[in-house]
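What follows is one structure encoded as structure tokens, with my remarks underneath.
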Amino acid sequence: MSDANLQPQILMARQPIFDVKQRVVAYELLYRSEADSEQATFLGGSAATTEVLLNAYTSISDAGSLKRVPAFINLTYDIVVEGKIPDLPRKQVVLELLEDAEVDEAFIAGVKSLVDDGYRIALDDFIYSPKYDPLLKLAHIVKVDVMHHSYDEVVVLLKQIKPFKVTLLAEKIETHEKLEECISLGFKLFQGHFLSKPKLITGRKINTGQVALLQLIQELQKPDAKPEALQALIIKDPVLTYKLLRIVNSAANSLVRNVESISDAIVLLGIPQVKKWATLIAMTANPDKPEELSRALLIRGRMAELIAEVQKSNHASSYFMAGMMSGLDALLDLQQDQLLEQVPLGDEIKKAITTGEGQIGQVLTGVIDFIAGNWDTLPIDFDADLYDQAYRESLDWTREAMQAMAETD
């Protein structure tokens with residue numbers, strides 16, 4: 001693994017939001033690209049929002065880099081109207097509506113649906129107009145750009161907002177005097193470079209094959225889609241598997257147990273949420289990934305699963321999971337212990353990967369040694385015919401799986 005591959009990538013930026021006592025009570029998560037990492041400007045649009053969501057829930061971030069306070073996430077008109085927001089933790093997010101969104105019936109209906117679902121709404125860079133009254137009735141927080149308004153203009157704006165029960169947030173505070181002025185005007189929340197500039201969040205972005213995602217999304221459109229059918233598509237792409245496991249393990253989902261298979265993960269997450277997350281992943285997928293590494297992981301996982309089936313072991317799909325996840329660290333340029341911390345795998349699977357112990361571990365170790373040709377390390381009593389047959393079948397299965405994906409490219 002090269003040092004270049006291990007270099008952290010810019011995932012997003014965060015800017016603290018303070019209360020009157022200058023305690024951090026929230027962060028705004030902002031899109032930031034590698035190209036403009038030194039600039040204070042942020043890109044807009046649905047793609048930026050999608051990047052922030054996916055980087056927040058499916059990337060490997062610096063330990064402790066995000067404090068457990070609510071996160072403000074910008075939403076565009078399209079995302080609100082089309083209802084493309086996955087299920088997020090209501091207490092941990094505030095959905096911020098951008099000032100350039102068109103306030104029409106579809107947008108208001110979309111915002112109302114979000115509020116009915118229990119989300120808190122913030123209005124960004126607010127300038128009053130009667131057309132915003134329906135949004136003010138739904139909003140919880142109103143952000144006012146105090147740098148681009150005079151004192152008198154802010155006073156007038158606050159009088160217009162006063163009839164609505166919202167919390168006032170002063171943004172773009174550049175001086176101590178402006179902070180004191182905003183406190184005297186009745187603002188309760190504060191944000192700006194004087195208090196804290198946006199800080200970069202770094203980590204490792206994870207790429208996913210476009211074709212596997214398109215096949216998955218197509219299957220998800222079926223009204224009778226079954227977890228088993230979805231699993232058959234998801235396991236064809238190791239990185240997609242990893243991303244969905246990370247999402248299941250995110251703050252948005254209160255896990256009651258670890259997962260033993262992708263089917264388990266789909267049941268825990270729910271098909272509607274799998275559909276939304278898969279759509280978001282597809283929007284930002286990068287088709288460039290090492291095909292041979294993916295092929296090797298699929299062969300390893302399928303071979304372990306076939307052996308488990310012949311030996312009538314319980315939960316053969318867990319053997320597939322162990323086989324595929326055992327080498328995913330190389331595909332993602334991550335340390336194995338770091339990777340395993342990010343996904344809710346069962347203890348037996350993790351033990352099999354890290355120490356080779358347990359029934360799954362014994363099969364996994366045998367499979368790895370067999371594929372590598374390490375004959376001296378295989379047990380004397382191992383079933384050579386079984387391993388040889390499983391290896392040949394796993395080669396055929398992997399070839400067919402990858403060919404099927406290539407044919408739809």
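Taking the side chain as every heavy atom from C-beta outward, F126 and I161 approach each other to under 4.5 Å. E171 has its side chain within reach of D124: a pair of non-hydrogen atoms, C-beta onward, lies under 4.5 Å apart. Residues Y319 and I307 fail the side-chain proximity criterion, which asks for heavy atoms closer than 4.5 Å. Residues M303 and Y387 have side chains in contact (heavy-atom distance under 4.5 Å, counting atoms from C-beta outward). For the pair L306/Y391, no side-chain contact is recorded, criterion being any heavy-atom separation below 4.5 Å from C-beta on. No side-chain heavy atom of P379 sits less than 4.5 Å from a side-chain heavy atom of Q362. The side-chain heavy atoms of L179 and Q22, taken from C-beta on, include a pair separated by under 4.5 Å. Looking at E99 and I127, their side chains never come closer than 4.5 Å, going by heavy atoms from C-beta outward.
A side-chain donor-acceptor contact under 3.5 Å links D19 to the backbone of K21. The backbone N or O of H148 lies less than 3.5 Å from no partner atom in the side chain of K172, so there is not a single donor-acceptor pair. In this structure, the side chain of R300 does not engage the main chain of M325 through any donor-acceptor pair within 3.5 Å. A donor-acceptor pair is defined here as one N or O able to donate and one able to accept, closer than 3.5 Å; no such pair exists between the side chain of S313 and the backbone of A316. Of the possible donor and acceptor atoms, one in the side chain of T241 sits under 3.5 Å from a partner among the backbone N and O of I234. Under the 3.5 Å distance criterion, the side-chain polar atoms of Q15 are matched with a main-chain donor or acceptor of S196.
For NZ of K188, the number of neighbouring non-hydrogen atoms (other residues, nucleotides, ligands) closer than 6.0 Å is 12 at most. A 6.0 Å sphere centred on CG of D224 holds more than 12 heavy atoms belonging to other residues, nucleotides or ligands. By the neighbour-count criterion of 12 heavy atoms within 6.0 Å, atom CD of Q359 is sparsely surrounded, having that number or fewer from other residues, nucleotides or ligands. Around the NE2 atom of H315, the shell of radius 6.0 Å holds no more than 12 heavy atoms that belong to other residues, nucleotides or ligands. Residue R392 qualifies as open at atom CZ: its count of foreign heavy atoms under 6.0 Å is 12 or below.
Contact record, E228 with S263: OE2-OG, 4.2 Å, taken as the closest heavy-atom pair. F18 approaches V25 most closely through the heavy-atom pair C-CG2, 4.1 Å. Considering all non-hydrogen atoms of both residues, A170 and F187 come closest at N-CD2, 3.3 Å. When every heavy atom of H140 is checked against every heavy atom of Y119, the shortest pair comes out as CE1-O, 3.5 Å.
Between K137 and D133 there is no salt bridge, since no side-chain nitrogen of the basic residue lies less than 4.0 Å from a carboxylate oxygen of the acidic one. In summary, R399 and D396 engage in a salt bridge, as defined by a charged side-chain N under 4.0 Å from a carboxylate O. With respect to D347 and K351, no salt bridge is recorded, no charged nitrogen being found less than 4.0 Å from a carboxylate O. A salt bridge links E305 to R302: one of the charged nitrogens lies within less than 4.0 Å of a carboxylate oxygen.
A parallel orientation is assigned to the rings of F107 and Y77, their planes being inclined by less than 30° (bins at 30° and 60°).
Note that the OG atom of S394 and the CG atom of L298 stand 10.0 Å from one another [nearest 0.5 Å].
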_Criterion side-chain contact (heavy atoms from CB on, under 4.5 Å) on R120 and I141, from CA distance to verdict_ = CA-CA 8 Å; R120 288 172 291 176; I141 298 168; 5.9 Å; no
